[in-house]
> 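This is the structure I want to talk about, given as structure tokens.
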Amino acid sequence: MTANQHSQQHTYIAIMAGGVGSRFWPASREAKPKQFLDIAGNGKSLLRLTFERFLRLVPASHIFVVTNEGYRALVKEHLPELQDGQILGEPSRNNTAPCVAYTAMKLYQLDAEANLVIAPSDHLIQNEDIFLDNIRHCLDFTASQEALLTLGISPTHPHTGYGYIEYGGQSDSPGIYAVKRFAEKPPVEQARAYLASGNYLWNAGIFIWRASTILEAFRRYAADIYEQLSPGMSVMNSAGEQDFINAHYPATRSISIDYAIMEQADNVYTLPAQFGWSDLGAWASLHEEVDKDAEGNALQGDQILAYDTHNCLIRAPKGKMVVAGGLDDFIIVDEGDVLLIFPKSREQEIKQVGALVRERFGTDRL
């Protein structure tokens with residue numbers, strides 16, 4: 001067996017697919033959030049695209065999906081290749097740290113040498129060849145090092161919607177650098193300064209590490225989460241797993257993996273990458289990424305007439321005629337039972353609007 005075959009044998013993928021995607025309302029709903037939708041307009045859900053991307057790296061048997069227990073049936077519908085035991089059902093939404101701890105324990109119990117990639121289910125990646133080359137390089141590094149590695153994206157403009165990673169000296173592996181610190185989403189002047197300095201990256205939220213390495217980090221930096229879940233190690237990958245998780249997972253602290261581990265650990269590294277990435281945080285980021293007409297309009301539907309209209313995103317169901325005239329920089333999303341018309345520059349308010357809808361009309365359409 002070659003070194004490469006050996007490393008692939010211990011490589012696993014965990015796709016995080018439990019979010020609600022409230023900034024993509026009204027397309028993304030509590031009952032069917034954005035990872036299960038064809039948001040990009042190419043006939044496949046974001047979850048399916050992510051799964052197929054990783055199938056080029058490992059067999060389906062090495063891909064796991066962490067999701068809310070309520071979405072288990074949706075995951076099976078979109079990824080029929082998965083066995084029940086490859087879907088990790090969270091009984092509560094406790095942010096990413098407990099989710100990562102549970103995943104690492106399950107995979108460590110399965111394979112003590114497990115080397116894993118943890119990736120969101122709802123990102124768009126334009127150049128998959130470069131992305132997978134980057135991931136392979138990271139996996140080679142973490143296979144032999146006690147390293148917590150996060151992919152950083154070389155910024156193309158001063159984005160204020162992403163967190164940033166400041167990196168320092170190169171490790172003994174070309175292209176991989178020590179992380180100095182993580183920075184919160186900055187105001188635009190700060191983002192410009194980060195870009196000008198040349199040693200800041202966008203934080204993509206894609207992680208690579210051995211299960212044993214991240215579990216040691218939980219022992220050191222988030223012992224409460226480790227102690228809450230580790231008694232279940234013996235029942236992981238058995239009939240008792242879900243019962244244990246249902247009983248103990250909701251009591252874990254709700255905290256992100258960035259706060260719980262990455263910002264505290266001293267063995268954090270990054271690989272600066274550029275493969276055409278978007279985290280599809282909201283409608284405007286989708287507009288940036290998809291094909292547009294000569295006027296800058298992204299049109300998703302079969303009967304849309306955009307007259308004297310520029311830089312808009314218009315999405316409508318098949319057979320629904322939409323005529324838009326004299327509009328600039330708008331989001332128009334027709335989901336049949338809900339029509340959203342919103343200035344693109346104010347898209348961050350859509351999440352708040354959801355709360356007003358809940359107040360006035362109830363939860364049926366959220």
Side-chain angles (χ1 to χ4, degrees), residues 7 10-16 64 66 94-109 111-120 134-135 137-154 162-186 194 197 199-230 233 249 252-273 279:
S7 66
H10 297 291
T11 298
Y12 298 85
I13 310 297
I15 301 170
M16 295 187 288
F64 292 73
V66 197
N94 291 20
N95 215 316
T96 51
C99 152
V100 169
Y102 170 23
T103 306
M105 287 175 190
K106 182 177 171 75
L107 290 176
Y108 182 77
Q109 199 281 335
D111 177 357
E113 292 183 61
N115 193 17
L116 62 136
V117 180
I118 295 195
N134 289 156
I135 292 285
H137 185 42
C138 292
L139 285 162
D140 286 344
F141 183 72
T142 56
S144 61
Q145 309 271 344
E146 297 294 323
L148 303 174
L149 207 156
T150 181
L151 271 191
I153 308 296
S154 301
Y162 298 146
Y164 284 71
I165 301 165
E166 183 187 5
Y167 66 97
Q170 185 165 288
S171 71
D172 56 10
S173 181
I176 293 177
Y177 297 83
V179 168
K180 281 186 169 177
R181 71 180 185 104
F182 291 87
E184 298 293 322
K185 297 173 183 177
Y194 288 163
S197 79
N199 62 334
Y200 280 83
L201 307 167
W202 290 335
N203 187 353
I206 300 168
F207 306 104
I208 303 96
W209 44 50
R210 288 209 309 280
S212 57
T213 307
I214 189 65
L215 289 177
E216 181 55 36
F218 271 97
R219 278 191 206 97
R220 286 184 63 184
Y221 304 109
D224 58 318
I225 295 172
Y226 184 83
E227 285 160 16
Q228 190 73 33
L229 298 179
S230 58
M233 291 269 272
Y249 192 92
T252 56
R253 179 164 44 122
S254 181
I255 186 171
S256 72
I257 190 70
D258 296 85
Y259 284 140
I261 305 293
M262 303 303 278
E263 294 190 7
Q264 301 189 66
D266 55 9
N267 56 336
V268 180
Y269 295 85
T270 190
L271 182 143
D279 80 337

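Everything numeric in this text was worked out from a predicted model, so none of it was measured.
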> Any carboxylate oxygen within less than 4.0 angstrom of a Lys/Arg side-chain nitrogen, looking at Glu263 and Arg181?
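Not counted as a salt bridge, because no side-chain N and carboxylate O are separated by less than 4.0 Å.
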> Work out which heavy atom in Leu215 is nearest to a heavy atom in Ala101; give both atom names and the distance.
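Heavy atoms of Leu215 and Ala101 come nearest at CD2-O, 4.1 Å.
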> Any chance you could measure Tyr102, atom OH, to Gln228, atom CD, to the nearest 0.5 Å?
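Going from the OH atom of Tyr102 to the CD atom of Gln228 covers 14.5 Å.
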> Only one of Thr11, Asp140, Thr142, Thr213 forms a side chain to side chain donor-acceptor pair (under 3.5 Å) with Asn115, so which one is it?
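Among Thr11, Asp140, Thr142, Thr213, the one that satisfies the side chain to side chain donor-acceptor pair (under 3.5 Å) with Asn115 is Thr142.
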> Tyr269 and Gln145: side chain to side chain contact (heavy atoms under 4.5 Å, CB included), yes or no, with the steps?
CA-CA 11 Å; Tyr269 295 85; Gln145 309 271 344; 5.6 Å; no
> Show, in sequence, the C-alpha distance, side-chain angles and deciding distance for Phe182 and Val268, and conclude whether the side chain to side chain contact (heavy atoms under 4.5 Å, CB included) test is met.
CA-CA 10 Å; Phe182 291 87; Val268 180; 4.0 Å; yes
> Which value, rounded to the nearest 0.5 Å, describes the distance between Lys106 atom NZ and Met233 atom CE?
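One gets 12.5 Å once the value is rounded to the nearest 0.5 Å.
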> Given His137 and Ser173, is the side chain to side chain contact (heavy atoms under 4.5 Å, CB included) satisfied, shown in steps?
CA-CA 9 Å; His137 185 42; Ser173 181; 3.2 Å; yes
> Hey, does the side chain of Arg210 reach the backbone of Ala147 with a donor-acceptor pair shorter than 3.5 angstrom?
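The answer is no, because no donor-acceptor pair under 3.5 Å joins these two groups.
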> Once side chain to side chain donor-acceptor pair (under 3.5 Å) is applied, do any residues pair with Tyr177, and if so which ones, sequence neighbours excluded?
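If we apply the side chain to side chain donor-acceptor pair (under 3.5 Å) test to Tyr177, skipping adjacent residues, the hits are Gln170.
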> Taking Asn94 for its side chain and Thr252 for its backbone only, find out whether a donor-acceptor pair lies under 3.5 Å.
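Judged by distance alone, yes, a pair lies under 3.5 Å.
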> Apply side chain to side chain contact (heavy atoms under 4.5 Å, CB included) to Ile214 and Thr103, showing your working.
CA-CA 10 Å; Ile214 189 65; Thr103 306; over 6 Å; no
> Decide yes or no for Ile165 and Met262: does some side-chain heavy atom of the first lie under 4.5 Å from some side-chain heavy atom of the second?
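A side-chain contact is absent here, since even the closest heavy-atom pair is not under 4.5 Å.
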> Quick check: closest heavy atoms across Pro120 and Ala204, and the distance to 0.1 Å?
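Pro120 and Ala204 have their closest heavy atoms at CG-O, 4.4 Å.
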> Roughly how far, to the nearest 0.5 Å, is the CD atom of Glu216 from the CG atom of Asn267?
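Separation between the atoms: 9.5 Å.
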> Give, for atom CD1 of Ile118 and atom CD1 of Ile208, the distance between the pair rounded to the nearest 0.5 Å.
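So the gap between those two atoms works out to 9.5 Å.
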> To the nearest 0.5 Å, tell me how far Phe218 CZ sits from Met105 CE.
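That separation rounds to 7.5 Å.
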> Return the minimal non-hydrogen interatomic distance between Ser256 and Thr96, and the atom names on each side.
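Closest approach of Ser256 to Thr96: CA-OG1, 3.3 Å.
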> How long is the gap from NZ on Lys185 to CG on Asn203, to the nearest 0.5 Å?
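Here the rounded value is 10.5 Å.
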> Closest approach of Asn134 and Ala273, non-hydrogen atoms and distance?
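Looks like OD1-CB, 3.3 Å.
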> If you define the side chain from C-beta out and look only at heavy atoms, does anything of Asn199 sit under 4.5 Å from Glu166?
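Of all side-chain heavy-atom pairs linking Glu166 with Asn199, at least one is under 4.5 Å.
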> Treating His10 as the side-chain partner and Ala143 as the backbone partner, does any N or O pair qualify as donor plus acceptor under 3.5 Å?
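Such a contact is absent between His10 side chain and Ala143 backbone.
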> Under the criterion side-chain contact (heavy atoms from CB on, under 4.5 Å), which of Leu151, Thr150, Ile176 is the partner of Thr270?
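The single option meeting the side-chain contact (heavy atoms from CB on, under 4.5 Å) with Thr270 is Thr150.
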> Checking Tyr108 now: which residues fulfil ring pair (Phe, Tyr, Trp, His ring centres under 6.0 Å) with it, not counting sequence neighbours?
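In terms of ring pair (Phe, Tyr, Trp, His ring centres under 6.0 Å), with neighbours along the sequence ignored, Tyr108 is linked to no residue.
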> Who passes side chain to side chain donor-acceptor pair (under 3.5 Å) against Tyr221, sequence neighbours left out?
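Result, side chain to side chain donor-acceptor pair (under 3.5 Å) vs Tyr221: none returned.
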> If you compare all heavy atoms of Cys99 against all heavy atoms of Val66, which two are closest, and at what distance to 0.1 Å?
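Closest approach of Cys99 to Val66: SG-CG1, 3.7 Å.
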> Does any part of the side chain of Ile261, heavy atoms only, come nearer than 4.5 Å to the side chain of Phe207, both counted from C-beta?
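A side-chain contact under 4.5 Å is absent here.
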> So do the side chains of Trp202 and Tyr164 get within less than 4.5 Å of each other, counting heavy atoms only?
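Trp202 reaches Tyr164 side chain to side chain.
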> Identify the heavy atoms of Pro98 and Ile255 that sit nearest to each other, and give their distance.
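Nearest heavy atoms, Pro98 then Ile255: CD-O, 3.6 Å.
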> Is the shortest side-chain heavy-atom distance between Leu229 and Tyr249 below 4.5 Å?
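Result yes, sub-4.5 Å side-chain heavy-atom pair found.
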